[in-house]
Amino acid sequence: MIKREIEKIIKDCSGEDGKVEKPISEHGDYASSVAFDIAKKEKRNPNQIAEELKDKIKSELFEKVEVKGGFLNFFIAEDALKKEISLILEQKEEYGRGNKEKTVVVDYSSPNIAKPFGIGHLRSTIIGQAIYNIYNFWGWKTIGVNHLGDWGTQYGKIICQIKKENLDPEKLSIKELEAVYVRFHKEADEDPEIEKEGREWFHKLERGDEEAVRMWEICRKKSIEEFNKIYQKLGVAIDHTTGESFYQDKIQAVIDEAVEKKVAVESEGALVVHFQDMPSVIIQKSDESTTYLARDLSAVKYRLETFSPDLFIYEVGAEQTLYMKQLFATVEKLGWAKKEQFVHMAHGLFRLKDGKLSTRKGKTIHLEEVLSLAEEKAKKIIEDSLSSDLTEQEKEKISETVAMGAVKYNGLKSHHRRDVVFDWDRVLALKGDSGPYLQYTCVRCKRVLEKAGEGDFSETEKFNENERKLALRLVEFKEVVEVAGETFSPNIIADYAHRLAKDFNLLYEGTKIVGSKKRIVLTKATKNVLTTSLSLLTVSLPDKM
Ligand code: ARG
């Protein structure tokens with residue numbers, strides 16, 4: 001990693017932790033302002049200090065080092081670039097893989113059962129999967145958990161309504177189950193007794209009542225079948241589906257421990273955790289039913305005992321920020337782990353711009369509809385642009401890959417904290433900052449290489465401007481993976497992939513690849529690094545495009 005290497009060289013020569021930046025324009029490939037830091041301390045002229053440092057720097061990494069206005073500007077030697085790019089070809093999809101020997105548990109997706117997979121959980125699913133992939137590639141042992149929302153009062157309420165309407169749960173679709181829940185609430189709004197009945201059914205469920213458990217199991221099974229279809233479409237596979245209900249028999253021990261350690265105290269019949277700087281939170285209700293927090297605490301304990309992770313990542317919506325803080329603080333109060341071992345990747349809202357999709361205003365938008373609409377749109381574009389000798393099945397497959405690539409990339413390209421506007425035209429555009437543009441670039445590399453023959457760096461002619469730009473981009477990859485991991489920002493990979501594709505296309509559109517050995521190498525390296533980047537984003541590639 002060039003940046004690290006330069007930082008080390010600066011440290012060796014000056015004893016300072018000098019900052020290294022990538023300047024825009026002609027001030028070298030990398031630059032450092034370390035001379036200013038030293039100048040401040042020693043009350044000397046920064047330019048003079050930079051000149052002294054420059055004389056000390058002896059590394060084959062640089063073609064030259066320049067001093068300008070106190071800055072040190074580094075120009076990477078072409079041979080160093082070529083060496084690293086040769087490594088990309090050698091190591092192929094392994095290039096850039098790290099070796100951290102640490103363990104992380106990533107809690108993501110985690111939809112709630114008995115209602116369709118909403119678009120809100122899409123963000124958690126794709127961002128969570130991307131951060132999982134990045135940590136895995138970075139060399140961490142990664143454990144993905146789908147903390148399915150499959151326990152809580154709402155399931156008592158659904159059972160209550162099913163009973164009241166004398167329905168057969170086996171015959172109800174997920175959408176109908178959601179409607180059952182809505183009807184319960186309508187009735188409960190008019191008659192508070194009904195609310196109580198719902199709670200009683202949850203009580204029965206918690207106590208293992210046969211009928212309640214049977215109905216709950218049906219709801220759960222149906223939901224999981226439905227969710228799996230979506231995961232399959234998205235190419236997402238979560239290691240463990242251990243939902244909230246899994247901790248049912250483990251909660252009492254946690255509550256006892258919390259009481260014994262005086263972390264939870266009684267308040268009006270309930271058990272509550274107090275904080276100095278946050279509102280209190282309930283761990284057990286006054287009717288003795290357990291809470292979301294109690295189940296999350298049990299989950300932390302279980303994960304600590306089962307996986308001994310160094311780090312916990314929760315990819316959960318920003319609306320749960322306070323709750324997550326309360327959870328992490330409670331874990332620390334219990335003495336199980338340090339708050340610093342917990343990260344909440346709080347994603348913003350998914351908003352829709354397209355008029356057509358907001359006709360269901362006020363209701364949740366079902367992901368299934370969004371995905372099939374994306375496929376339809378992709379198919380139309382593909383039908384208009386691809387040659388007709390493709391079979392219907394091939395077209396189907398390509399449309400799905402392109403549509404999913406578009407949806408996923410769109411959900412990953414902005415920082416997860418930001419709200420995302422879902423704009424069909426932008427999502428399915430073949431140009432600009434879109435998933436299909438990156439897939440297209442990869443396929444383009446592949447196609448060129450099929451007829452290009454072998455490449456190498458034996459030619460003596462130096463890189464031209466576009467080649468050099470692409471080469472520098474390629475060798476940036478390892479650094480990008482680390483920064484994305486360290487800052488929990490999959491968008492950094494997305495942004496990098498986009499820049500890489502742009503740099504390649506600039507070269508491609510300006511010169512012929514075939515016939516130039518060095519350009520063939522650059523194309524191969526681009527194909528490798530771009531494919532890896534996209535796989536980190538769970539974006540797969542169509543055969544043709
Ligand atoms: N099921 C929850 C929801 O939809 C998300 C769960 C997140 N994970 C967790 N361990 N609390 O809001």
Side-chain angles (χ1 to χ4, degrees), residues 104-129 131-132 142-155 157-158 174 177-178 181 202 216 219-220 223-224 226-227 230-231 236 238-248 250-251 254 273 281-283 290-307 309 311-332 334 336-337 339 341-350 363-367 416-417 488:
V104 60
V105 170
V106 187
D107 180 316
Y108 66 109
S109 192
S110 311
N112 303 321
I113 64 163
K115 60 175 171 191
F117 203 114
I119 193 160
H121 286 101
L122 173 67
R123 281 200 94 182
S124 177
T125 308
I126 57 185
I127 295 167
Q129 186 64 56
I131 201 71
Y132 175 99
T142 39
I143 292 131
V145 187
N146 192 352
H147 191 74
L148 210 61
D150 62 359
W151 205 251
T153 343
Q154 68 264 45
Y155 305 110
K157 294 175 179 174
I158 290 173
I174 301 296
L177 278 172
E178 187 184 40
Y181 185 62
F202 178 55
W216 169 80
C219 295
R220 186 175 191 272
S223 308
I224 291 179
E226 207 53 29
F227 297 163
I230 284 168
Y231 291 137
V236 162
I238 308 176
D239 299 328
H240 305 279
T241 300
T242 19
E244 294 181 43
S245 67
F246 176 79
Y247 304 101
Q248 216 21 42
K250 300 168 182 63
I251 288 182
V254 169
V273 184
V281 57
I282 299 176
I283 186 167
T290 56
T291 58
Y292 185 50
L293 173 72
R295 294 187 281 278
D296 254 327
L297 286 172
S298 296
V300 169
K301 189 167 187 197
Y302 176 80
R303 291 167 193 180
L304 280 167
E305 287 166 358
T306 316
F307 311 114
L311 182 68
F312 288 77
I313 299 175
Y314 290 79
E315 209 317 332
V316 184
E319 69 281 358
Q320 293 187 37
T321 300
L322 171 63
Y323 167 76
M324 282 289 153
K325 278 198 186 128
Q326 291 166 326
L327 169 66
F328 304 160
T330 308
V331 170
E332 190 167 272
L334 285 161
W336 294 346
K339 264 195 294 206
Q341 284 170 261
F342 291 80
V343 174
H344 176 204
M345 286 178 68
H347 63 256
L349 287 176
F350 222 143
K363 282 196 171 179
T364 46
I365 285 152
H366 299 151
L367 181 59
H416 57 267
R417 260 198 301 276
F488 308 97

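Counting starts at 1 for both ligands and their atoms, following the listed order.
- Applying the side chain to side chain donor-acceptor pair (under 3.5 Å) test between His347 and each of Arg417, Glu315, Arg123 identifies Glu315 as the sole match.
- Formation of a donor-acceptor pair under 3.5 Å by the Asp107 side chain with backbone atoms of Tyr314 is not found in this model.
- For Phe307, the side chain to side chain contact (heavy atoms under 4.5 Å, CB included) partners two or more places apart in sequence, or in a different chain, are Val105, Ile143, His240, Arg303, Pro309.
- Pairing each heavy atom of Asp150 with each of Gly243, the nearest pair is OD1-C, 3.6 Å.
- Side-chain contact annotation: Gln129 with Tyr108, donor-acceptor N/O pair under 3.5 Å present.
- Relative ring orientation between His121 and Phe117 is described as perpendicular, the plane-to-plane angle rising above 60° on a 0-90° scale split at 30° and 60°.
- Within 4.0 Å of ligand 1, counting heavy atoms only, the contacting residues are Asp107, Ser110, Asn112, His121, His147, Tyr292, Asp296, Tyr314, Val316, Gln320, Met324.
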